[in-house]
Protein chains: 2
Amino acid sequence: MVHIVDDDASFRTAIERRLKQAGYEVATYPSAQHLLDRLPNESELSCILLDMRIPGLSGPELQARLSELGSTLPIVFLTGYAEVPTTVRAIKAGAEDVLTKPVSSEELLGAIERALAHHQVTRNQRSRLEAVRAHIAKLTPREREVFELVIRGKTNKQVAVVLGATERTIKAHRHRVMEKMQVQSLAELVSLAERAGVLGDLPGTAQAN
Amino acid sequence: MVHIVDDDASFRTAIERRLKQAGYEVATYPSAQHLLDRLPNESELSCILLDMRIPGLSGPELQARLSELGSTLPIVFLTGYAEVPTTVRAIKAGAEDVLTKPVSSEELLGAIERALAHHQVTRNQRSRLEAVRAHIAKLTPREREVFELVIRGKTNKQVAVVLGATERTIKAHRHRVMEKMQVQSLAELVSLAERAGVLGDLPGTAQAN
DNA sequence: TTTACTATTGTCCCATGGGACAATGCGAAG
DNA sequence: CTTCGCATTGTCCCATGGGACAATAGTAAA
């Protein structure tokens, strides 16, 4: 599935025809706002073919907006002019590719293939991450506190002191944490936390210049 | 410190003058090979100002070469022509920025500032990573095996079975692993392993399309 | 008010982790 | 041949983790 955003109707249909012929499903949008109004389903394998210069929200602006909304849809930009600074910003902001019009079918299809392949990977990573975060979200405030300390290597006793509770209590919370996070060992718990970005930077390795 | 690679001598000296005036130390190289011959010190805060088109190894080729060599020096490309595909590749390959000639002092100094700031961060991350890897490298083969299993949540008993040894033996190895890795808890050990990329992808979350 | 969730703490008991002290066997480097 | 690093295993003992069973109390929702 490819989402085409371009204000030029004849261009849209031309590209649409090319992509459909290549076996892709296509949805077209005359403006960024049209796409925002019908946000593509994140879970469907797809990418966005986005014109850099369009009336209303510009391509990069739409990219920023989607990013704010947490979208991971890969974006392939199309631009009529070879604007290096814009290209640099777009790629650094995560665009999959930037193509110049007129674009050959080879370039176009290649870029779209890469974008879709990339989306597939991203989507999987994302779903794992969200699964972990969902589990964390189900922890009660107290359990969350215990969690934070446990993954940093604190023993039950140490956690008990910090949180002003009995070791026995911490044991109970810890047990529920392991349960809710669906892990069998401390190692797994730390792995998940690390991958979910719960553990900030480790102290002690700071380095001035 | 800024390393300038450009085949045009007059351009080199012009830029050199501008940068020195802005307070930077400068080293110039007439070709990619000259820079490779005197590889800049990774530990010094610096960046490379690299012309895209130079005789011999091209800019992107030098970039690839440095990358292979494990360099993390940030690269700011300079190009006389607005080549979008090349720009895209350069940025995706990790270039800090791509500027078009003629370049304003504002652009140039801004890009260099960002590159140096980025290098500072990268360098710190890198030194931490290397410290961890250095520790791992000091493990004996057997200790390494124990390490791999322990960070995946295996108990001493389980490790013992897998490696065909007594639980007591594993305990001994494990003890030395904790010692050599300089950590006090399993949680820290897992954190380090995770950050060093020792733990591959977790099984069980695969997802087909 | 009754139910449900959360936080808290206890005791008993067993499994596991980890330190102390000690020893054996093997292969490589000197 | 001797020294050194590595792998191996033992016993004793204590600290810590974790399951089972049980209970109290406050708060918020139904």
Side-chain angles (χ1 to χ4, degrees), chain A residues 131-196 198-199 202 204, chain B residues 131-196 198-199 202 204:
Chain A
V132 174
R133 294 212 166 129
H135 285 156
I136 293 180
K138 282 182 183 162
L139 297 178
T140 66
R142 200 55 163 174
E143 284 162 1
R144 177 67 190 262
E145 292 181 294
V146 172
F147 171 68
E148 297 279 354
L149 293 170
V150 165
I151 58 177
R152 285 177 172 73
K154 304 295 181 193
T155 65
N156 287 339
K157 196 176 289 183
Q158 293 174 309
V159 175
V161 172
V162 175
L163 300 185
T166 311
E167 190 182 338
R168 183 62 193 79
T169 305
I170 303 305
K171 246 174 164 177
H173 288 313
R174 181 171 184 154
H175 182 248
R176 282 189 293 275
V177 168
M178 299 292 279
E179 219 169 50
K180 291 188 181 178
M181 297 297 288
Q182 300 185 331
V183 293
Q184 314 303 315
S185 65
L186 175 59
E188 288 177 71
L189 189 69
V190 175
S191 269
L192 289 190
E194 192 70 61
R195 290 172 190 219
V198 178
L199 279 162
L202 296 172
Chain B
V132 174
R133 294 212 166 125
H135 286 156
I136 293 179
K138 283 182 183 162
L139 298 179
T140 67
R142 200 54 163 172
E143 284 162 0
R144 177 66 190 262
E145 292 181 292
V146 173
F147 170 67
E148 297 277 354
L149 293 170
V150 165
I151 58 176
R152 285 176 173 74
K154 304 295 182 194
T155 64
N156 287 338
K157 196 176 290 183
Q158 292 175 309
V159 176
V161 172
V162 175
L163 300 186
T166 311
E167 190 182 337
R168 184 60 192 79
T169 305
I170 303 305
K171 246 174 161 174
H173 288 312
R174 181 171 184 153
H175 182 249
R176 282 189 292 274
V177 168
M178 300 292 280
E179 218 170 52
K180 291 188 180 177
M181 297 296 290
Q182 300 184 329
V183 292
Q184 314 304 316
S185 66
L186 174 60
E188 288 176 71
L189 189 70
V190 176
S191 268
L192 289 190
E194 192 71 62
R195 291 173 190 219
V198 178
L199 279 162
L202 296 172

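Predicted model, so just to flag it, every value in this text is computed and none were measured. Throughout, a chain's letter reflects where its sequence line sits, starting with A, and its residues are numbered from 1.
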With side chains defined as the heavy atoms from C-beta onward, is the minimum distance between [X] and [Y] less than 4.5 Å?
X	Y	value
A:Leu192	A:Val183	yes
B:Val177	B:Val150	no
B:Leu186	B:Arg174	yes

I'd like a list of close polar pairs between nucleotides 24-27 of chain D and the protein, N/O only, cut-off under 3.5 Å.
none

Along DNA chain C, first and last positions that approach a heavy atom of chain B under 4.0 Å: C:dT16 to C:dC21

To the nearest 0.5 Å, how far apart are [atom1] in [X] and [atom2] in [Y]?
X	Y	atom1	atom2	value
B:His173	B:Met178	NE2	CE	15.5 Å
A:Thr169	A:Asn156	OG1	CG	10.5 Å
A:Lys157	A:Thr155	NZ	OG1	7.0 Å

Can you name the nearest heavy-atom pair linking B:Gly153 to A:Ser185, along with the distance?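 Looking at all heavy atoms of both residues, the shortest contact is CA-OG, 3.5 Å.
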
Rounded distance in Å - [atom1] ([X]) to [atom2] ([N]):
X	N	atom1	atom2	answer
A:Arg168	D:dA22	CZ	C1'	10 Å
B:His175	D:dT9	NE2	P	18 Å
B:Lys180	D:dG5	NZ	P	10 Å

Which residues, if any, of residues 133-150 of chain A bring a heavy atom under 4.0 Å of DNA chain D?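 Result for residues 133-150 of chain A: none.
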
5' precedence on DNA chain D between B:Gly164 and A:Lys157 (nearest-nucleotide basis):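 Looking at DNA chain D, the more 5' nearest nucleotide goes with B:Gly164.
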
Between A:Lys171 and A:Arg176, name the one whose nearest nucleotide on DNA chain C is closer to the 5' end. A:Arg176

Under 4.0 Å between a side-chain N/O of B:Thr169 and OP1 or OP2 of D:dT8, yes or no?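 So the side chain of B:Thr169 is outside the cut-off, no N or O lying under 4.0 Å from OP1 or OP2 of D:dT8.
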
Applying side chain to side chain contact (heavy atoms under 4.5 Å, CB included), name anything that partners B:His135, two or more places apart in sequence or on another chain.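 B:His135: side chain to side chain contact (heavy atoms under 4.5 Å, CB included) contacts with B:Met181, B:Gln182.
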
Kindly write out the residues that satisfy side chain to side chain contact (heavy atoms under 4.5 Å, CB included) with B:Glu194, not counting sequence neighbours, or none if the list is empty. A:Ser191, A:Glu194, A:Arg195, B:Leu199

Give every donor-acceptor pair under 3.5 Å between a side-chain atom in residues 136-147 of chain B and any protein atom, sequence neighbours left out.
residue  : atom : partner  : partner atom : Å
B:Thr140 : OG1  : B:Glu143 : N            : 3.2
B:Thr140 : OG1  : B:Glu143 : OE1          : 3.4
B:Arg142 : NH1  : B:Glu145 : OE1          : 2.9
B:Arg142 : NH2  : B:Leu163 : O            : 2.9
B:Glu143 : OE1  : B:Thr140 : N            : 2.9
B:Glu143 : OE1  : B:Lys180 : NZ           : 2.8
B:Glu143 : OE2  : B:Arg176 : NE           : 3.0
B:Arg144 : NE   : B:Glu148 : OE2          : 3.0
B:Arg144 : NH2  : B:Glu148 : OE2          : 3.0

